[in-house]
J.: 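Please see the structure below; I have some questions.
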Amino acid sequence: MNTITEEKVDVAIESAEEVIEIIGAREHNLKNIDLTIPRNKLVVITGISGSGKSSLAFDTIYAEGQRRYMESFSAYARSFIGNMERPDVDKINGLSPVISIEQKTTSRNPRSTVGTVTEVYDFLRLLFARAGIAYSYVSGKPMQKQSEDQILDQIMTNYDGERLTILAPVVKGRKGHYRELFQQIRKMGYTKVRVDGELRDLVSKMQVDRYKTHDIEIVIDRIIVKEEFRKRISESINTALKQGNGILLVLDDAGHISYFSRNLMDPETGIAYDDPAPNTFSFNSPYGACHECNGLGQIEEISIENVIPDPELSISRGGIVPLGEYRDIWIFKKIEAILKRRNISLSTPIKKVPEDVINVLLYGDNVPVEVSSVKYPGTNWHTKFEGIINFLEKQKETGTEKTQQWIKDFTSVRNCPSCNGLRLKKESLHFRIEDRNIGELAELNITDLGKWFAGIEEKLNEKQNIIAKEILKEIRKRIGFLLDVGLTYLTLNRPLKTLSGGEAQRIRLATQIGTQLVNVLYILDEPSIGLHHRDNFKLIRALKDLRNLGNTVIVVEHDKDMMLESDFIVDIGPGAGRHGGLIVAASSPDDFIKNHTATADYLNGDRSIEIPSERRNGNGKNLKLKGANGHNLKDVNLTIPLGKMICVTGVSGSGKSTLIHETLYAVLRKHFYKSRQEPLSYKAISGMDEIDKVIEVDQSPIGRTPRSNPATYTGVFSDIRSLFAELPESKIRGYKPGRFSFNVKGGRCETCQGGGMRLIEMDFLPDVLVPCETCKGKRYNRETLEVRFKGKSISDILEMTVEQAVEFFDHQPKILRRIKTLNDVGLGYISLGQHATTLSGGEAQRVKLATELSKKDTGKTFYILDEPTTGLHFQDIQHLLDVLNRLVDKGNTVLIVEHNMDVIKVADHIIDLGPDGGNDGGEIVAEGTPEKIVRQKNSFTARFLESELRN
């Protein structure tokens with residue numbers, strides 16, 4: 001009997017160790033839920049958007065894990081950090097250390113790249129510092145490094161019996177009179193120097209022309225090379241190397257110079273490099289960064305095209321944009337005087353003004369300009385003209401913030417001409433391994449980089465192989481992780497800020513797999529975003545590898561494949577916001593699909609997004625883009641039939657963003673809105689007169705501070721403030737709409753200046769936002785909050801969810817129209833005043849979409865959407881498609897860049913890029929209706945679409 005009891009106790013203890021138990025979770029909309037999750041398994045948390053998935057995964061489980069980690073610090077350390085608030089949960093048992101991999105943590109720093117975040121570039125720097133071969137950037141020959149004995153042997157062999165002068169270089173190619181230097185050399189006992197190739201005696205008060213560049217060497221010794229003088233020559237070499245900072249020159253009687261160095265040196269030209277170290281190849285270090293662009297690879301410059309966009313105009317009519325139209329001011333009088341020299345007037349079109357005169361106007365010259373004084377009649381002023389672009393360049397550095405912002409309108413970004421976008425100085429780029437420098441390797445996509453490293457040992461010499469053995473192992477391992485998560489098309493030099501949320505998350509996932517941690521709880525937020533179905537299984541395999549190391553992996557996800565491949569599914573619902581917050585189902589995938597929840601119905605086929613019975617024919621007109629060849633595009637000719645819903649598909653890295661966002665949208669924006677952003681290379685475009693405006697809805701944040709929120713972004717908050725200003729109480733108190741703004745003084749809380757939150761700077765951790773202690777997060781002062789509409793203050797309105805606001809403003813048509821569109825795109829669960837910084841990329845995109853939908857459309861609008869299904873449940877995708885179909889039915893064109901098969905299968909027209917990513921992509925492999933696409937054998941999309949259409 002005792003044995004059985006003991007066995008039961010052992011089983012209980014064992015089972016407690018194998019699960020994570022959450023008891024009484026009430027964070028946000030969670031309704032006191034209890035949940036048991038198996039440990040060391042791949043767990044998917046799913047449910048309708050806004051049902052409480054993130055509240056459970058991030059705001060409860062992750063927040064509690066983070067709080068426990070903080071509590072492990074000493075009391076002294078916690079006094080600096082402060083205590084983290086405990087999430088609203090009774091108890092969590094079996095919690096491991098938690099690591100969160102979210103989408104919103106992408107760095108905006110242009111110096112953060114794929115290479116630096118994954119540490120591949122750090123190992124590359126080490127490899128080049130230890131095994132790279134240096135070449136001269138002048139002669140292209142290998143640099144040489146010699147010891148004193150080697151230099152001595154070479155001189156004794158090559159110059160036997162010749163008279164030599166041994167020189168120590170002290171100045172190379174610099175300006176100055178060098179009086180003090182000559183004086184110092186004399187005090188050291190030397191009698192001769194060589195100045196600019198001429199041997200001269202050192203005399204008292206000797207100096208050279210300070211405005212010319214000079215080369216100065218000390219004459220250390222003059223001697224005939226014989227074996228009997230070997231010791232003297234050796235001492236002279238030692239002295240010369242000491243005085244010349246490791247370099248010496250040998251001058252023979254014929255006047256020929258030879259260079260020798262303890263450092264790396266070109267024996268032909270005398271160019272020397274410092275010994276390489278890892279920071280020699282770092283674009284974030286002054287020792288390696290290109291001096292012109294400071295390691296950014298790009299420079300901002302004021303371009304003539306932006307200053308003079310329309311040469312048809314004259315100067316008086318505003319042809320030079322920074323000056324504006326003619327006014328009776330000093331600068332126009334100067335320009336008039338310059339033009340008068342060449343018999344040109346201010347009303348002459350700029351295209352008829354000679355180029356040299358335009359150059360004087362833009363860059364100035366040294367010829368004084370005569371201008372009559374208004375204040376002192378009869379007096380003429382003679383002043384030099386600085387030039388408009390020169391003035392703007394100076395103001396760009398020294399002007400006020402407002403001035404600098406204004407000047408940005410005239411600047412263009414282009415690749416640095418010095419490093420060609422490779423970020424490093426020329427010395428660093430002349431260290432090579434197998435004829436490649438580190439900059440060229442950083443420009444290869446991950447697939448090609450992996451191939452280059454595959455057989456590199458065979459091409460290295462024995463010494464390089466010994467040095468590189470361990471480094472190559474680490475590099476290959478990290479490249480393998482990036483390939484595993486489907487990021488084959490990225491380059492190491494790609495800035496992190498240009499990545500989508502899904503890409504940035506998968507990079508962090510690859511980095512975490514590389515750390516090989518065990519017994520950790522990982523929480524991921526929709527890692528499949530931006531991933532083609534072909535690469536989805538690579539991602540699932542990577543997550544399973546993380547699990548197999550002995551970790552628990554929790555994924556907040558809507559992807560069908562991810563759910564079916566997981567070990568355990570938790571479905572939260574049944575609805576969104578206040579209608580959600582309950583555990584609808586929690587079991588293994590096999591048991592889960594037997595349930596009758598909204599998610600299970602879509603998984604087992606009981607419910608599905610219907611394929612339309614017939615595809616739209618459009619309006620018969622086309623938008624055509626010819627010869628697009630930016631990045632990896634291969635002279636693509638794109639035809640977009642107007643009046644249809646179009647899907648642009650293709651594997652990750654096939655060129656979708658390059659073609660649609662960086663070429664087509666950039667061309668249309670330049671045409672309709674005079675944008676200064678240059679599109680990527682293309683030959684021609686036609687059909688733009690068939691549309692009257694273009695609207696792009698992407699996933700970039702709607703704001704970077706807590707002041708931005710859905711109410712302010714959509715513009716509905718202005719209408720709400722006007723409504724509050726019209727209330728009798730407001731009129732009695734004299735309140736105008738500005739009183740109800742949290743961005744200006746008057747009605748806002750001055751402690752947090754209307755933010756509702758205060759930023760607390762942390763010494764060891766990222767800064768945190770805490771509710772303001774004066775207004776308790778309400779943003780307004782007491783007097784403003786006393787004005788109420790239907791019993792609600794302006795702060796209460798901001799706290800409402802969109803769904804509640806739709807009911808509340810039922811009889812306010814102007815306000816209702818805007819709020820209802822937010823509800824229609826599946827955002828009924830977010831609050832009107834929710835901080836922009838807390839919205840995911842998908843939510844931010846749907847706020848933008850709602851803003852555009854609430855505007856009056858013309859029936860000729862061209863909409864471009866970038867993965868609008870991000871963060872959407874199957875049911876929400878149906879709502880989104882209903883909204884988009886309404887737009888197309890009115891005659892508008894909707895173009896969607898998408899990987900989600902539920903959207904692709906209902907499109908009227910598909911344009912599939914490929915066949916693969918990176919250099920193997922960049923072509924249109926298939927276009928037409930979904931039924932036509934599936935017949936294409938070389939399309940990856942077609943293979944997956946075929947099974948969708950069959951179902």
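As the structure is a prediction and not an experimental result, all values here were calculated from the model. All residue numbers in this chain count up from 1 along the given sequence.
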J.: May I have the list of side-chain donor-acceptor pairs in residues 477-486 shorter than 3.5 Å, sequence neighbours left out?
T.:
| residue | atom | partner | partner atom | Å |
| --- | --- | --- | --- | --- |
| R478 | NH1 | E474 | OE1 | 2.6 |
| R478 | NH2 | E119 | OE1 | 3.1 |

J.: Please determine if K820 and D824 form a salt bridge, counting it only when a charged side-chain N lies under 4.0 Å from a carboxylate O.
T.: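 Result for this pair is yes, salt bridge flagged.
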J.: Side chains of S528 and E557: do they bring a donor and an acceptor to under 3.5 Å?
T.: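 Yes - a donor-acceptor pair under 3.5 Å links their side chains.
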J.: Output the distance between atom SG (C752) and atom CD (E773), rounded to the nearest 0.5 Å.
T.: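 C752 SG to E773 CD: 8.5 Å, rounded to 0.5 Å.
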J.: Test: salt bridge (charged side-chain N to carboxylate O under 4.0 Å, His left out). Region: residues 25-37. Which pairs qualify, not counting sequence neighbours?
T.: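 Listed by first then second residue: R26-D88, R26-D90.
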J.: Kindly state each residue pair satisfying ring-ring contact (aromatic ring centres under 6.0 Å, His included) with at least one member in residues 560-607, sequence neighbours excluded.
T.: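 As it turns out, the ring-ring contact (aromatic ring centres under 6.0 Å, His included) pairs with a partner in residues 560-607, which skip direct neighbours, are Y602-F874.
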J.: Check whether the side chains of E898 and T869 place a donor and an acceptor atom closer than 3.5 Å, and report yes or no.
T.: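 The criterion, which ignores hydrogens and geometry beyond distance, is satisfied for T869 and E898.
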J.: Under 4.0 Å between a side-chain nitrogen and a carboxylate oxygen: does that hold for K473 and E470?
T.: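 A salt bridge is present here (some side-chain N lies under 4.0 Å from a carboxylate O).
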J.: What residues form a side-chain hydrogen bond (donor to acceptor under 3.5 Å, both in side chains) with E807, not counting sequence neighbours?
T.: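 Counting only residues at least two positions away or on another chain, E807 forms a side-chain hydrogen bond (donor to acceptor under 3.5 Å, both in side chains) with R578.
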J.: Rounded at 0.5 Å granularity, tell me how far CD1 in I22 sits from OG1 in T60.
T.: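 Those atoms lie 7.5 Å apart.
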J.: Report the C-alpha separation of F73 and Y69 in whole Å, then their side-chain angles, then the decisive distance to 0.1 Å, and conclude whether the ring pair (Phe, Tyr, Trp, His ring centres under 6.0 Å) test is met.
T.: CA-CA 7 Å; F73 286 14; Y69 169 65; 5.1 Å; yes
J.: Testing the basics here: between T552 and N40, what is the closest heavy-atom pair and its distance to 0.1 Å?
T.: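 Looking at all heavy atoms of both residues, the shortest contact is OG1-N, 2.8 Å.
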J.: Which heavy atom of N32 sits nearest a heavy atom of G24, and at what distance?
T.: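 Where N32 meets G24 most closely, the heavy atoms are OD1-CA, 3.2 Å.
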J.: Output yes when R67 and E64 qualify as a salt bridge under the 4.0 Å nitrogen-oxygen rule, no when they do not.
T.: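 Salt bridge: yes.
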J.: Can you tell me how far apart CG (D535) and CZ (R506) are? Round to the nearest 0.5 Å.
T.: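 D535 atom CG to R506 atom CZ measures 8.0 Å (nearest 0.5 Å).
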J.: More than 12 heavy atoms of other residues, nucleotides or ligands under 6.0 Å from NZ of K538: yes or no?
T.: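 Correct, the count exceeds 12.
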J.: Going by side-chain hydrogen bond (donor to acceptor under 3.5 Å, both in side chains), name the residues that satisfy it together with T599, two or more places apart in sequence or in a different chain.
T.: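 Counting only residues at least two positions away or on another chain, T599 forms a side-chain hydrogen bond (donor to acceptor under 3.5 Å, both in side chains) with D571, H873.
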J.: For the OG atom of S72 and the CZ atom of R68, what is their distance to the nearest 0.5 Å?
T.: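 The distance works out to 12.0 Å.
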J.: Which residue, E803, Q834, E843, forms the side-chain hydrogen bond (donor to acceptor under 3.5 Å, both in side chains) with Y829?
T.: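 Of all the options given, the one that passes is E843.
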J.: Any chance NZ of K778 has more than 12 other-residue heavy atoms, nucleotides or ligands included, within less than 6.0 Å?
T.: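 Count not over threshold, so no.
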J.: Any side-chain heavy atom of K497 within less than 4.5 Å of one from S112?
T.: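 No; the side chains remain at least 4.5 Å from each other.
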J.: Quick one: side chain to side chain contact (heavy atoms under 4.5 Å, CB included) partners of A805, sequence neighbours excluded?
T.: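 Checked A805 against side chain to side chain contact (heavy atoms under 4.5 Å, CB included); matches are M800, F809, I819, L832.
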